[in-house]
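Worksheet: the structure to be examined is printed underneath.
We count ligands from 1, going down the list as the structure has it; atoms in each ligand are counted the same way. By convention here, the first residue in the shown sequence is residue 1.
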Amino acid sequence: MDCIFCKIANGEIPSTTLYEDDDVRVIFDINPTSAGHALILPKAHAASLLEYPAEKLGHVFEIAQKIGQAMEKGLGADGVNILANCREAAGQTVDHFHVHIIPRYASQPDKDALVIETHEIVKPDFDALAKAIQENL
Ligand code: 5GP
Ligand code: ZN
């Protein structure tokens, strides 16, 4: 399969590596949203988090925690956003599961360009939503 993140994760394409073990490689995002914006790339291909083996997800998020903590200590970040976009509708542009770790810098717009926007939606029927989800767990 011609997947750029498979090639980066497995070292076929060289990249600055912040952390590596048997399952994951952590690199910088080529188009960072903030100073230090990193990506955790599993070495095994999965289209998104929704397809990744559940028993291996814990390890990915242990690494996310470790990198986030190191960003606070080492970069002086004031917080981090840890997120995984699943599917094009959610903003996923590379179809290989990856976790963004985005350090946040309060009051330093020169280092932090992330803007999270929301707008109002029609107030949902929470009971119907809960039923629709619970029936599919
Ligand atoms: P997504 O929108 O799929 O959640 O995020 C994909 C991210 O991968 C984007 O932030 C984009 O900048 C980054 N990206 C895409 N191609 C490459 C690449 O070849 N190298 C690196 N380091 N990052 C990439
Ligand atoms: Zn892949």
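With hydrogens left out, the protein atom closest to atom 22 (N) of ligand 1 is Phe28 O, 2.9 Å, a heavy atom. Of the protein's non-hydrogen atoms, the one nearest atom 15 (C) of ligand 1 is Val94 CG2, 4.0 Å. Ranking the protein heavy atoms by distance from atom 1 (P) of ligand 1 puts His98 NE2, 3.2 Å first. Among protein heavy atoms, the minimum distance from atom 23 (N) of ligand 1 is reached at Ile30 N, 3.2 Å.
Numbered from 1 in the order shown, with element, the atoms of ligand 1 that lie under 4.0 Å from a heavy atom of Asn85 read 1 (P), 2 (O), 4 (O). The distance from ligand 1 to the heavy atoms of Thr93 drops below 4.0 Å at these ligand atoms: 1 (P), 2 (O), 3 (O), 5 (O), 6 (C). Residue Asn31 approaches ligand 1 through these ligand atoms, each under 4.0 Å from one of its heavy atoms: 12 (O). Here is the list of ligand 1 atoms found below 4.0 Å of a heavy atom in Ile27: 22 (N). Counting atoms of ligand 1 from 1 in the listed order, those under 4.0 Å from a heavy atom of Gly91 are 1 (P), 2 (O).
If you look at His98 and His96, their ring centroids are not closer than 6.0 Å. Phe28 has its ring centre no less than 6.0 Å from the ring centre of His37.
Checked against a 3.5 angstrom limit, the closest N/O atoms of Leu39 and ligand 1 fall outside it. Considering both main-chain and side-chain atoms, Ile4 never comes within under 3.5 Å of ligand 1 through any nitrogen or oxygen pair. Of the N or O atoms in Asp29, one or more lie within a sub-3.5 Å distance of an N or O in ligand 1.
Under a cut-off of 6.0 angstrom, the local environment of CD in Glu55 is crowded, with over 12 non-hydrogen atoms contributed by other residues, nucleotides or ligands.
Partner of Val26 under the side-chain contact (heavy atoms from CB on, under 4.5 Å) criterion, out of Val99, Thr16, Ile40: Ile40 alone.
To the nearest 0.5 Å, atoms CG (Asn10) and CG (Leu41) are separated by 9.5 Å.
Placement of Ile101 and Phe5 in two distinct hydrophobic clusters is found when ILVMFWY residues are connected by side-chain heavy-atom separations under 4.5 Å, directly or transitively.
At a heavy-atom distance under 4.0 Å, only side-chain atoms of Phe5, from C-beta outward, approach ligand 1. Of all the heavy atoms of Ile8, the ones lying under 4.0 Å from any atom of ligand 1 belong exclusively to the side chain.
Using modelled atom types, one finds no donor on one side chain facing an acceptor on the other under 3.5 Å when comparing Thr17 with Glu20.
Vertex the Zn ion (ligand 2); arms to His96 ND1 and Cys3 SG; angle rounded to 10 degrees, 100°.
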Item to check | Stepwise salt bridge (Lys or Arg N to Asp or Glu O under 4.0 Å) check, Glu51 with Arg87 | outcome: CA-CA 11 Å; Glu51 285 77 26; Arg87 317 257 188 265; 2.9 Å; yes
